[in-house]
*Asks:* 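Below is a structure I'd like to ask you about.
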There are 2 protein chains.
Amino acid sequence: MARERKFNTVELFHEAKQLLLQHGYDGFTFSLLADRMEVSRAALYKYYDNKEELITDFMVYEMEEFLDELKEIEKLEGFERQFDFLIDLIFKKTEVHELIRAAEHVIARMEAAFTSREKLEKLPLDMYKFLQRFILLGKAEGKLKEHIPDGLIIGFILQTVAIPNHFGIPKAEWIHSIKEIISQGMFMNN
Amino acid sequence: MARERKFNTVELFHEAKQLLLQHGYDGFTFSLLADRMEVSRAALYKYYDNKEELITDFMVYEMEEFLDELKEIEKLEGFERQFDFLIDLIFKKTEVHELIRAAEHVIARMEAAFTSREKLEKLPLDMYKFLQRFILLGKAEGKLKEHIPDGLIIGFILQTVAIPNHFGIPKAEWIHSIKEIISQGMFMNN
DNA sequence: GACAAAAGTTACATAAGTGTCACTTATATT
DNA sequence: AATATAAGTGACACTTATGTAACTTTTGTC
């Protein structure tokens with residue numbers, strides 16, 4: 001009945017991601033996005049009323065995708081395997097971390113009325129809750145130190161991805177060393 | 001000879017910092033800043049030709065201030081004391097870390113012509129070089145693991161400040177646990 | 001082949017940011 | 001008191017982003 005679409009949601013979100021990471025929330029504009037999609041700006045307004053709505057939808061999509069992959073963690077036996085899987089996933093999806101932080105930013109300046117706001121607020125907590133099960137397993141197995149707060153353990157692991165590799169250390173060595181620091185620390189044991 | 005100034009550089013940079021952290025580089029405008037300073041927009045143009053120049057100058061100022069405080073580290077004897085001092089300083093100056101990352105962003109989209117660009121590019125490296133001495137001391141004293149790259153150790157320590165404390169764990173406990181993870185890891189030693 | 005319906009475009013009004021210039025205001029010096 | 005001078009303002013021209021409405025294009029269905 002209708003004419004063929006020039007772009008799909010996946011393409012749209014792909015470009016939106018680039019722009020968001022490059023320019024941040026305030027620097028993100030419909031003009032920029034429309035140019036990238038090689039489509040008129042008004043076409044975007046057919047699907048999203050404004051920037052907030054588009055960005056919120058995109059973030060929900062992005063985090064759901066990450067959560068889906070993350071859920072595979074439950075299929076692995078034992079804490080150590082899960083630990084390895086998690087670190088590798090985080091490094092595979094480097095940007096998710098940045099986007100989660102951006103999400104807090106978006107929520108902060110979003111009008112309360114938005115329906116998608118609820119979803120966006122819920123997702124990071126979902127993720128934390130999900131990861132908490134993994135932490136509990138580690139503590140139950142006697143692998144993780146009991147006295148360190150769960151929230152810090154989760155945050156610590158997620159944060160490592162954002163360490164800037166200024167000196168261009170090879171990725172394999174980089175990740176390996178990060179795993180060591182997280183698990184055993186950077187101090188010698190005397 | 002001249003009339004009294006309505007604001008000084010310290011006040012200006014103070015407001016600029018708030019705006020930068022809140023809105024990011026793209027969201028930072030002269031109008032916003034002028035409003036905050038309760039001064040006309042044109043007045044700002046008396047001192048800075050544009051946003052780039054103002055932000056660059058501000059960042060140089062901010063990082064120099066941090067470096068100055070950091071240099072106190074040399075007065076302390078032994079690696080462990082220096083380690084404690086460093087972590088505490090980083091947590092005292094939480095935002096510097098965010099600003100350093102923002103600096104990379106600014107550099108990326110800055111015209112090559114700027115004179116202050118050089119200074120801005122140089123400062124993070126200065127800081128890394130300075131911290132490297134501290135790392136070398138730790139390795140020489142046999143306190144730090146030799147095989148972990150210096151750049152990672154520095155980045156790791158700087159990064160911890162950015163871990164979001166979603167569950168509102170008390171600051172003292174938070175910092176204490178971070179020191180433990182960095183030094184000894186989060187795994188039990190069996 | 002005409003029509004319905006969604007996709008897409010062009011064009012407009014409005015709002016906000018930028019940079020500049022002529023102008024006014026305050027103040028130390030003489 | 002007169003004046004030089006830097007501080008600050010108001011207003012203009014220009015650019016870029018926003019949101020909307022009237023219009024055109026494509027495509028499946030009858």
Side-chain angles (χ1 to χ4, degrees), chain A residues 1-58 102 105-106 109-111 113-117, chain B residues 1-59 102 105-106 108-111 113-117:
Chain A
M1 272 179 177
R3 138 190 208 180
E4 207 186 354
R5 283 192 54 168
K6 285 180 78 179
F7 62 96
N8 59 39
T9 313
V10 175
E11 283 161 37
L12 186 78
F13 284 172
H14 178 78
E15 298 301 333
K17 185 201 260 181
Q18 312 298 317
L19 288 177
L20 263 176
L21 293 174
Q22 238 183 75
H23 298 273
Y25 181 81
D26 285 287
F28 178 94
T29 69
F30 268 40
S31 318
L32 239 38
L33 184 57
D35 280 1
R36 287 246 197 161
M37 304 294 301
E38 290 181 310
V39 96
S40 76
R41 199 168 47 83
L44 298 180
Y45 280 96
K46 287 276 146 93
Y47 304 96
Y48 302 94
D49 283 351
N50 51 49
K51 174 163 140 168
E52 283 188 353
E53 205 179 295
L54 191 153
I55 292 182
T56 315
D57 276 19
F58 155 68
H105 204 251
V106 176
R109 64 183 59 198
M110 205 157 56
E111 269 124 60
F114 270 93
T115 35
S116 25
R117 184 196 164 105
Chain B
M1 272 177 176
R3 135 190 211 179
E4 208 186 351
R5 282 193 56 170
K6 285 179 77 179
F7 62 96
N8 58 42
T9 314
V10 176
E11 284 161 37
L12 186 78
F13 285 173
H14 178 77
E15 298 301 332
K17 184 200 260 181
Q18 311 299 318
L19 289 177
L20 263 176
L21 293 174
Q22 238 183 73
H23 299 273
Y25 182 81
D26 284 287
F28 178 94
T29 69
F30 267 41
S31 317
L32 237 39
L33 185 57
D35 280 1
R36 287 243 197 165
M37 305 293 300
E38 290 181 306
V39 96
S40 76
R41 201 168 47 82
L44 298 180
Y45 281 97
K46 286 273 148 92
Y47 304 96
Y48 301 94
D49 283 351
N50 51 49
K51 173 163 141 168
E52 283 188 354
E53 205 179 294
L54 191 154
I55 292 182
T56 315
D57 275 18
F58 156 67
M59 287 193 164
H105 204 251
V106 177
R109 64 184 56 197
M110 206 157 55
E111 269 123 61
F114 271 92
T115 34
S116 27
R117 183 194 164 106

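Here is the naming used below: chain letters follow the sequence lines, and residue numbers restart at 1 for every chain. Every heavy atom of this structure was used, including side-chain atoms; hydrogens, water molecules and symmetry mates were not.
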*Asks:* Any side-chain donor paired with an acceptor under 3.5 Å for A/Asn50 and A/Glu53?
*Replies:* no
*Asks:* Would you say a side-chain N or O of A/Lys51 is under 4.0 Å from OP1 or OP2 of D/dG19?
*Replies:* no
*Asks:* Indicate whether OP1 or OP2 belonging to C/dA6 is found under 4.0 Å from a side-chain N or O atom of A/Tyr47.
*Replies:* no
*Asks:* Just how far, in rounded Å, is P of D/dT16 from CG of B/Asp26?
*Replies:* 14 Å
*Asks:* Counting any heavy atom closer than 4.0 Å, what does B/Ser40 reach on the DNA or RNA strands: base, sugar-phosphate only, or nothing?
*Replies:* base
*Asks:* Nearest-Å distance, NE2 (A/His23) to C1' (D/dA17)?
*Replies:* 14 Å
*Asks:* Distance check needed: D/dT9 P versus B/Met37 CE, whole Å only.
*Replies:* 11 Å
*Asks:* I need the minimum non-hydrogen distance between B/Leu33 and B/Glu15, along with the two atoms involved.
*Replies:* CD1-CB, 3.8 Å
*Asks:* Locate the shortest heavy-atom distance separating B/Ser40 from B/Ala34; write the atom from each residue and the value.
*Replies:* C-CB, 4.0 Å
*Asks:* C/dG17 P sits how many Å from B/Glu52 CD, rounded?
*Replies:* 18 Å
*Asks:* Whole angstrom is fine here: how far is it from CD in A/Glu11 over to P in C/dG8?
*Replies:* 11 Å
*Asks:* Take the protein atom CG of B/Leu12 and the nucleotide atom C1' of D/dA7, then report the distance between them rounded to whole Å.
*Replies:* 14 Å
*Asks:* Please walk me through it: do B/Tyr47 and B/Phe7 pass side-chain contact (heavy atoms from CB on, under 4.5 Å)?
*Replies:* CA-CA 11 Å; B/Tyr47 304 96; B/Phe7 62 96; 3.7 Å; yes
*Asks:* Restricting to pairs with a member in residues 15-41 of chain B, which pass ring pair (Phe, Tyr, Trp, His ring centres under 6.0 Å), not counting sequence neighbours?
*Replies:* B/Phe30-B/Tyr45
*Asks:* For the pair made of CZ in A/Phe30 and C1' in D/dT20, what is the distance, rounded to whole Å?
*Replies:* 13 Å
*Asks:* Compare all side-chain heavy atoms of B/Phe13 with those of B/Asp57 and state whether any distance is below 4.5 angstrom.
*Replies:* yes
*Asks:* Would you mind classifying the nucleic acid contact of A/Tyr48 as base, sugar-phosphate or nothing, using non-hydrogen atoms under 4.0 angstrom?
*Replies:* nothing
*Asks:* Within this structure, what is the CG-to-P distance between A/Asn8 and C/dA6, rounded to whole angstrom?
*Replies:* 19 Å
*Asks:* Encode nucleotides 20-28 of chain C as B, S and - characters from 5' to 3', where the letter depends on protein heavy atoms closer than 4.0 Å: B to the base, S only to sugar-phosphate, - to neither.
*Replies:* B----BBBS
*Asks:* Let's see if you can work this out: which of C/dT9, D/dT9, C/dT18 has an atom nearest to the side-chain heavy atoms of B/Ala43?
*Replies:* D/dT9
*Asks:* Would you say the side-chain atoms of A/Lys6 pair up with the backbone N or O of A/Glu38, donor to acceptor, closer than 3.5 Å?
*Replies:* yes
